[in-house]
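Only a predicted model underlies this, so the values are computations on that prediction, with no experimental measurement involved.
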Amino acid sequence: MPHIEFASVVNALILGLSIASIWLIAAIGLTIIYGTVGVINMAHGEFLMLGAYTSYVLQSFFGLPFLLCLPASFIVVAAIGLVIERGLIRYLYNRPLDTLLATWGVSLVLMQGVRILFGSDPKYVSVPEIFQSNVEFGFVSLSVFRIFVFGFTAAVVAGTVYLFYRTRFGMQVRAVMQNKEMAASFGINADRVYMTTFAIGAGLAGMAGCLFGVLAIVLPTMGTAYVVQAFLVVVVGGGTLVGSVAASGLTGELQSIFAMLSNDTFARFLLYVLIVVFLRFRPRGLFAVAKARR
């Protein structure tokens, strides 16, 4: 019996990591948008939903393999995010309440638009047969798809860190975050930085939606539930990339363990209570930004 219980705990931890990995991709997109642009994007969950529907359409109507659906989801949703930023968001910078309401309105429009185009019945995203098998590690059985999720998330995080900390564009982003006016005096186009960053954040949400489409059914309302988790990761992490990585792992593991001991609904309740208590004593999160935006 102790051996079985230990195996259950290990499987729950692995499941928590795989779920946290996808949350992390969505949360990185939120972190990038909020950290750079200062916009609390209420439509981020719908960007995630659009990524799942993009994969469904590309698979069902064009026969595109799943591995190609991932970058395609990024491109399509990033393009949609770019249009929304250029057509609406850029006129509302430095107006947080207006952007909050505007992005909430965008989320409703996107949700209803998808419902009109595809209906409310569930859709499904399939993966190649090679991802449908399991790998045995002693008493632990691990899905090949979950192993792929771990590796893919690690690659996304590494690519994001490289982009924002090792490239000229990343230097421009950090300069605009610190002082927009000073950055402009050095010839940095803040408007272009905002536009590109918003598109990248939306694209990352699209890729997360593609992955979630495999693990769950695809619905017009699916983004609402997942974006709550992404927001929690960003808040607990303090709005930084390092904090998002740590917070996603911590929250994913806690929810998985709580779900193993009770059920998924009660697990979410316990997790939210713990997060509220944590933020009561550390309101700036695990790794708060060193300097406020100007």
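When hydrophobic clusters are built by joining Ile, Leu, Val, Met, Phe, Trp and Tyr residues whose side-chain heavy atoms come closer than 4.5 Å, directly or via intermediates, Leu108 is grouped together with Ile40. Residue Leu88 is not grouped with residue Met195 when hydrophobic side chains (ILVMFWY) are merged at heavy-atom distances under 4.5 angstrom, including chains of intermediate members. Following chains of ILVMFWY side-chain contacts shorter than 4.5 Å, one can reach Ile80 starting from Phe62, so the two form part of one hydrophobic cluster. Note on Val125: it clusters hydrophobically with Phe61, by side-chain heavy-atom contacts below 4.5 Å among ILVMFWY residues. Criterion: ILVMFWY side-chain heavy atoms under 4.5 Å apart, direct or through other members. Under it, Leu215 and Met49 are part of a common hydrophobic cluster.
Nearest approach of Thr197 to Ile33, heavy atoms of both residues: O-CG1, 4.3 Å. When every heavy atom of Phe281 is checked against every heavy atom of Val277, the shortest pair comes out as CD1-O, 3.2 Å. For the pair Val218 and Gly213, the tightest heavy-atom approach, listed with the atom from each and the gap, is CG2-CA, 3.8 Å. Scanning all heavy atoms of the two residues, the minimum distance from Pro220 to Met111 falls at O-CG, 3.2 Å. Of all heavy-atom pairs between Leu286 and Ala246, the closest is CD1-CB, 4.2 Å. Residues Ala199 and Ala78 approach most closely at O-CB, 3.3 Å, considering heavy atoms.
When hydrophobic residues (I, L, V, M, F, W, Y) are linked wherever their side-chain heavy atoms come within less than 4.5 Å, the members clustered with Met182 are Phe186. Applying the 4.5 Å side-chain rule to ILVMFWY residues, one finds that Met171 remains a lone member of its cluster.
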* Check the pair Leu97, Leu101 against side-chain contact (heavy atoms from CB on, under 4.5 Å), reporting the backbone distance first and the verdict last. => CA-CA 6 Å; Leu97 290 180; Leu101 290 173; 5.6 Å; no
* **Verdict with supporting geometry, Val106 and Leu110, side-chain contact (heavy atoms from CB on, under 4.5 Å)** => CA-CA 6 Å; Val106 168; Leu110 293 176; 3.8 Å; yes
* **Check against side-chain contact (heavy atoms from CB on, under 4.5 Å), Val144 and Gln132** => CA-CA 7 Å; Val144 173; Gln132 298 176 10; over 6 Å; no
* **Working for side-chain contact (heavy atoms from CB on, under 4.5 Å), residues Phe66 and Val214** => CA-CA 10 Å; Phe66 174 75; Val214 175; 3.4 Å; yes
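Leu211 contributes atom CG, which lies 6.0 Å from atom CZ of Phe152 (distance to the nearest 0.5 angstrom). Annotation: the span from Leu279 atom CG to Leu232 atom CG amounts to 8.5 Å, rounded to 0.5 Å. Note that CD1 of Ile75 is 13.0 Å distant from CG of Leu82, once rounded to the nearest 0.5 Å. Put simply, CZ on Arg282 and CZ on Arg284 are 9.0 Å apart, with the number rounded to the nearest 0.5 Å. We find the NE2-CZ distance between His44 and Phe231 to be 7.5 Å, quoted to the nearest 0.5 Å. In this structure, Tyr56 OH and Cys69 SG are separated by 12.5 Å, a value rounded to the nearest 0.5 Å.
Listed by chain and number, the residues in a side-chain hydrogen bond (donor to acceptor under 3.5 Å, both in side chains) with Ser60 amount to none (sequence neighbours excluded). For Arg268, the salt bridge (charged side-chain N to carboxylate O under 4.0 Å, His left out) partners two or more places apart in sequence, or in a different chain, are Asp264. Partners of Arg86 according to the salt bridge (charged side-chain N to carboxylate O under 4.0 Å, His left out) rule, which considers only residues two or more places apart in sequence or in another chain, are Asp191.
Residues Thr224 and Glu46 have side chains in contact (heavy-atom distance under 4.5 Å, counting atoms from C-beta outward). Residues Arg168 and Gln172 meet the side-chain proximity criterion, which asks for heavy atoms closer than 4.5 Å. Between Ile200 and Thr196 the shortest side-chain heavy-atom distance falls below 4.5 Å. Looking at heavy atoms from C-beta onward, Leu67 lies out of side-chain contact with Val127 at the 4.5 angstrom threshold. The side-chain heavy atoms of Phe198 and Ile89, taken from C-beta on, include a pair separated by under 4.5 Å. The shortest distance between side-chain heavy atoms of Asn189 and Val193 does not fall below 4.5 Å.
Pairs of residues two or more places apart, or lying in two chains, never qualify as salt bridge (Lys or Arg N to Asp or Glu O under 4.0 Å) while including a residue from residues 230-257. For residues 70-119, the pairs satisfying ring-ring contact (aromatic ring centres under 6.0 Å, His included) are Tyr53-Phe118, Tyr93-Tyr194, with sequence neighbours left out. For residues 240-280, the pairs satisfying ring-ring contact (aromatic ring centres under 6.0 Å, His included) are Phe266-Phe269, with sequence neighbours left out. Among pairs with a residue in residues 92-116, those fulfilling salt bridge (Lys or Arg N to Asp or Glu O under 4.0 Å) read Arg95-Asp98, at least two apart in sequence or across chains. A side-chain hydrogen bond (donor to acceptor under 3.5 Å, both in side chains) check over residues 63-78, counting only residues at least two apart or in different chains, returns the pairs Ser55-Ser73.
Judged by distance alone, the side chain of Gln59 and the main-chain N or O of Ser126 form a donor-acceptor pair under 3.5 Å. Between the side chain of Thr251 and the main chain of Ser248, a donor-acceptor pair closer than 3.5 Å is present. Of the possible donor and acceptor atoms, none in the side chain of Thr103 sits under 3.5 Å from a partner among the backbone N and O of Asn41.
Taking a 6.0 Å sphere around CD1 of Ile130, one finds it holds 12 or fewer heavy atoms contributed by other residues, nucleotides or ligands.
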Going by atom type alone, with no hydrogens or angles, which donor-acceptor pairs under 3.5 Å involve a side-chain atom of residues 19-31 and a protein atom two or more places apart or on another chain?
residue: Ser21; atom: OG; partner: Leu17; partner atom: O; Å: 2.7
residue: Thr31; atom: OG1; partner: Ala27; partner atom: O; Å: 2.8
residue: Thr31; atom: OG1; partner: Ser244; partner atom: OG; Å: 2.9

Hey, can you pull the donor-acceptor pairs under 3.5 Å for the side chains in residues 155-167, sequence neighbours left out?
residue: Thr160; atom: OG1; partner: Val156; partner atom: O; Å: 2.8
residue: Thr167; atom: OG1; partner: Leu163; partner atom: O; Å: 2.3
residue: Thr167; atom: OG1; partner: Gly170; partner atom: N; Å: 3.1

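In this structure, Phe148 and Phe145 have tilted ring planes: the angle between them lies in the 30° to 60° band.
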